[in-house]
Structure formats: C-alpha cells, structure tokens
Amino acid sequence: MAGPPARSAPAGGPPAPGPPASGAPAGTLRLGPDAAGVAEAAALLRAGALVAFPTETVYGLGADAGEPAAVAGIYAAKERPRFNPLIAHLPDLAAARREGAFGPAALRLAEAFWPGPLTLVVPAAEGGRICDLARAGLPSVALRVPAGGLAHALLAATGRPVAAPSANRSGRVSPTQAAHVLGDLDGRIAAILDGGPCPVGVESTIVACLAGGPALLRPGGVAREAIEAVLGGRLAALATAPEAPVAPGLLASHYAPRARVRLDAEAVAPGEAVLLFGAARPAGIEAAGACLDLSPAGDAVEAAANLFSHLRRLDASGAATIAVVPIPPAGLGEAIRDRLQRAAAPRPGGPAPP
C-alpha cells in the first residue's frame with residue numbers, strides 16, 4: 001500500500017527517535033512488514049502495549065490477552081462496551097487447544113478452516129492464559145488462528161494469546177487498511193504493523209461449539225455452506241441476550257458509519273449516497289450525492305473486500321443517508337448483509353434509520 005515510509009526501532013531497543021510518519025502522532029509508530037517491524041510489534045505486545053496488525057479479514061487491535069491491564073487498554077482505545085467479549089488470536093491449533101476445550105465438532109472445524117477467517121467459541125480450558133476481562137466474565141472463550149504470514153509471524157514472535165477486535169472505535173466501520181486504523185485510533189495506540197490491504201475484508205465467521213451443538217453466531221469470511229459441509233449437518237442459530245452477547249459482533253447496532261444506512265433501496269433521494277452491487281441501478285441515481293459499487297461484476301468476494309472501505313468513503317462524502325441496493329444473501333452475501341443490517345440498526349440516543 002502506498003504511503004509514508006515505515007520506521008522501526010533497532011532490534012531489542014526502544015522505538016527509534018525522530019518524527020513520526022505523516023498522519024501519525026508522536027508515540028504512534030507505523031512499522032514495516034519486515035522482521036524488524038514484527039520483532040518490535042511483538043516486544044510492544046509483550047510489554048502491555050496496543051498494536052494494530054493486519055489479518056486476512058480486517059486489521060485487529062492487539063493486546064496480550066492474559067494481561068487485564070492490556071485488555072482494558074483495548075476497551076479504552078475503542079470506547080468498547082465491556083460486556084462484549086474479545087477474540088483471542090493464536091499462531092496454531094496446538095496453542096489454541098491450551099486455551100479452549102475442543103470437542104469433536106470444534107476440532108473438525110479447526111482442522112478444516114484454520115488458519116483462516118473462522119472463530120470458534122468453546123469452553124475455556126483450565127489453566128488457560130486468557131483473562132476474565134477478555135472473556136467478559138464468560139466460561140467460554142473465542143479463539144481464532146488467522147491466515148497470512150504477517151499475522152502468524154507476529155503471533156509466533158509474541159508467544160502469547162493476543163486479544164484483537166477490529167482496530168477501530170467501537171461501532172464504527174472496521175478497518176481494512178492501515179490508514180483506516182489511523183483515522184480512528186490516531187494517538188490512542190502504540191503502533192501499527194502495516195501489511196497493506198486485507199484481502200477478505202469482512203470479519204471472521206463465529207461458530208459456538210458449546211452445549212446444544214454447533215451454532216452460527218455471526219456470518220463472516222467462511223460461508224455457512226462450507227461449514228455445514230464439514231459438519232455434515234445444519235448449523236443452529238444460538239439465541240443470545242443482546243445485552244450480554246457471548247461473542248464479538250452481536251450488538252444490534254454495530255459497524256455503523258455516521259450517516260444513516262437505508263437497506264434494499266430501489267430508489268434514491270436527491271443527495272443520498274448510494275452503495276451499489278452488480279448491475280442494480282435504482283431509480284433517481286443520477287441525483288445521488290456520491291456513488292460506489294461494491295462489485296460491478298456482482299462478485300460477493302470482491303464486494304466483501306470493498307465493503308468497509310466503500311462505507312467509509314461514502315460516509316466521508318457528507319451525505320446524511322447511504323442507500324444500499326439489495327445484496328443477494330448467498331455465500332459471503334450473508335456476511336455482507338449482516339454487517340449492513342447492523343450498520344442500519346437504531347443507535348442508542350440517535351434517530352431511527354429511515
């Protein structure tokens with residue numbers, strides 16, 4: 001990704017002195033995706049600092065999942081509700097099994113989709129390092145082994161579970177580029193490990209493997225159909241109380257831009273921003289204030305990769321409302337629709353969406 005040059009400290013030493021990269025304040029490092037950058041990011045995590053890093057889904061805001069003070073820093077930086085638990089990231093299945101109790105179904109899913117964009121919610125293992133604050137006081141734990149060489153290198157170098165929700169203010173659009181992280185968390189975190197754009201572009205699918213069998217908590221980067229094929233049966237829908245979700249991403253109003261979001265739009269009001277998909281062209285589009293297409297070819301994978309970036313750009317246009325054309329629910333379309341429905345949900349203290 002084009003941008004200002006990255007900088008990092010000498011191996012084993014403190015951050016290098018000198019002016020920060022353009023757009024980053026003093027004290028917020030922008031680290032390159034090389035061995036020196038990974039080593040510095042890992043050292044910061046082990047010291048209890050917050051480091052944003054890329055996964056194949058979105059950028060995560062990492063902290064040592066075993067240190068309550070570090071985890072509290074995530075909540076403070078994101079202004080995140082404390083009852084929303086965090087996903088802990090590990091370098092491999094062996095490390096994950098030290099933190100969670102994997103039954104047969106969870107083990108099949110881990111072996112099929114890890115490393116990759118699948119989070120498994122399993123009972124917390126006795127003797128695991130992940131602290132109560134990261135689990136929001138629950139007896140379960142959300143675990144993921146992300147794909148991508150840079151994330152794996154960082155997790156292996158850190159040697160500890162890394163709690164990492166998306167690296168944005170709570171409820172705002174998730175970041176798929178380092179610039180998005182700076183836009184939300186500039187001056188609030190120690191460093192950003194800049195690995196360029198994230199290829200998947202929506203968060204991980206979350207499946208609970210608790211009492212009652214595997215249940216889909218959140219659609220995401222692995223399609224429901226692929227998971228059900230591995231399990232040989234249908235995923236259940238786990239009923240959860242919205243005031244006490246058992247996994248990240250389950251608050252009704254989430255992933256929200258500042259503009260109101262209007263779904264399944266067949267017509268556009270003058271001045272509205274428009275989010276398109278494929279060949280759909282709603283009536284009145286010529287009067288739109290701004291217009292972006294998630295995928296001109298109607299490809300759900302391309303649309304997922306563009307979703308958050310396009311929402312940010314339309315939000316920055318200044319339009320009061322973003323009208324979204326219908327998105328087919330097949331495959332990754334389910335995850336895209338889920339994010340958009342959360343973006344369109346009524347917000348506490350705010351006006352109801354149109």
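For reference, positions follow the sequence shown, starting with 1.
Checked by atom type, the side-chain pair S204/T119 shows a donor-acceptor distance below 3.5 Å. Judged purely by distance below 3.5 Å, without hydrogens or angles, the side chains of T28 and R188 never pair a donor atom with an acceptor atom. With no hydrogens or angles considered, a side-chain donor-acceptor pair links T55 and R144 at under 3.5 Å.
Salt bridge annotation for D264-R337: present, with a cationic side-chain nitrogen under 4.0 angstrom from a carboxylate oxygen. Of the charged side-chain nitrogens involved, none lies within less than 4.0 Å of a carboxylate oxygen, so that R169 and D184 do not count as a salt-bridged pair. The residues D293 and R281 are annotated as salt-bridged, a charged nitrogen and a carboxylate oxygen being separated by less than 4.0 angstrom. Between D64 and R129 a salt bridge is recorded (basic side-chain N to carboxylate O distance below 4.0 Å). Salt-bridge check for E203 with R339: passed, with a basic side-chain N closer than 4.0 Å to an acidic carboxylate O.
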Task: Derivation and outcome, side chain to side chain contact (heavy atoms under 4.5 Å, CB included), residues L107 and L93 - done: CA-CA 9 Å; L107 193 56; L93 176 56; 3.9 Å; yes
Task: Derivation of the side chain to side chain contact (heavy atoms under 4.5 Å, CB included) call for I192 and F53 - done: CA-CA 6 Å; I192 301 169; F53 65 97; over 6 Å; no
- [ ] Starting from the C-alpha separation in whole Å, work towards a yes-or-no answer on side chain to side chain contact (heavy atoms under 4.5 Å, CB included) for R224 and I227.
- [x] CA-CA 5 Å; R224 175 200 297 267; I227 295 169; 5.8 Å; no
- [ ] Verify side chain to side chain contact (heavy atoms under 4.5 Å, CB included) between V122 and S140, making sure each step is shown before the conclusion.
- [x] CA-CA 5 Å; V122 297; S140 57; over 6 Å; no
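With hydrogens and angles disregarded, a donor-acceptor distance shorter than 3.5 Å links the side chain of N306 to the backbone of L294. Listed for the E56 side chain is no donor-acceptor partner under 3.5 Å among the backbone atoms of P199. Between the E99 side chain and the I130 main chain, a donor and an acceptor come within less than 3.5 Å of each other. Judged by distance alone, the side chain of R160 and the main-chain N or O of R46 form a donor-acceptor pair under 3.5 Å. For the pair H180 (side chain) and T176 (backbone), a donor-acceptor distance under 3.5 Å is present.
Between L154 and L193, some side-chain heavy-atom pair lies under the 4.5 Å cut-off. No side-chain heavy atom of I322 sits less than 4.5 Å from a side-chain heavy atom of E272. Here the side chains of S295 and F277 are in contact, with some heavy-atom distance below 4.5 Å. The shortest side-chain heavy-atom distance between I189 and V181 falls under the 4.5 Å cut-off. Considering only heavy atoms from C-beta on, P165 stays 4.5 Å or farther from I87 through its side chain. Between S309 and L311, the closest side-chain pair of non-hydrogen atoms is not below 4.5 Å. Counting heavy atoms from C-beta on, the side chains of V71 and C131 come closer than 4.5 Å. Side chains of R258 and R172 form a contact here, defined as non-hydrogen atoms less than 4.5 Å apart.
L50 and L182 fall within the same hydrophobic cluster, where Ile, Leu, Val, Met, Phe, Trp and Tyr residues are linked whenever their side-chain heavy atoms come under 4.5 Å apart, directly or through other members. A continuous path of hydrophobic side-chain contacts links V58 to L340 [ILVMFWY only; heavy atoms under 4.5 Å]. Hydrophobic clustering places V141 together with V207 (ILVMFWY residues linked when any side-chain heavy atoms are closer than 4.5 Å, directly or through intermediates). There is a path of hydrophobic side-chain contacts, each under 4.5 Å, that joins L235 to F102. In terms of hydrophobic clustering, with Ile, Leu, Val, Met, Phe, Trp and Tyr side chains grouped at heavy-atom distances under 4.5 Å, L263 and I285 are assigned to a common cluster.
Note that the NE2 atom of H89 and the NE2 atom of H152 stand 13.5 Å from one another [nearest 0.5 Å]. Put simply, CG on L90 and CH2 on W114 are 7.0 Å apart, with the number rounded to the nearest 0.5 Å. Note that CG of L231 and CG of L109 are 4.5 Å apart. Values are rounded to the nearest 0.5 Å. Atom CG in L61 sits 8.5 Å away from atom OG in S166 (nearest 0.5 Å). Note that OG1 of T321 and CZ of R262 are 7.5 Å apart. Values are rounded to the nearest 0.5 Å. Rounded to the nearest 0.5 angstrom, I327 CD1 and L275 CG are separated by 6.0 Å.
Summarising the geometry of G62 relative to I74, their closest heavy-atom pair is C-CD1, 4.4 Å, with the distance given to 0.1 Å. Between G196 and Y59, the shortest heavy-atom distance links the atoms O-OH, 2.8 Å. The two residues T205 and P219 have their closest heavy-atom pair at OG1-C, 4.0 Å. The minimum heavy-atom distance between V202 and A335, with the atom names listed, is CG2-CB, 4.4 Å. Residues G221 and V200 come closest through the heavy atom pair CA-CG1, 4.1 Å. For the residue pair D34 and G37, the shortest heavy atom distance occurs at OD1-N, 2.8 Å.
More than 12 non-hydrogen atoms from other residues, nucleotides or ligands lie less than 6.0 angstrom from CD of E225. Under a cut-off of 6.0 angstrom, the local environment of CZ in R313 is sparse, with at most 12 non-hydrogen atoms contributed by other residues, nucleotides or ligands.
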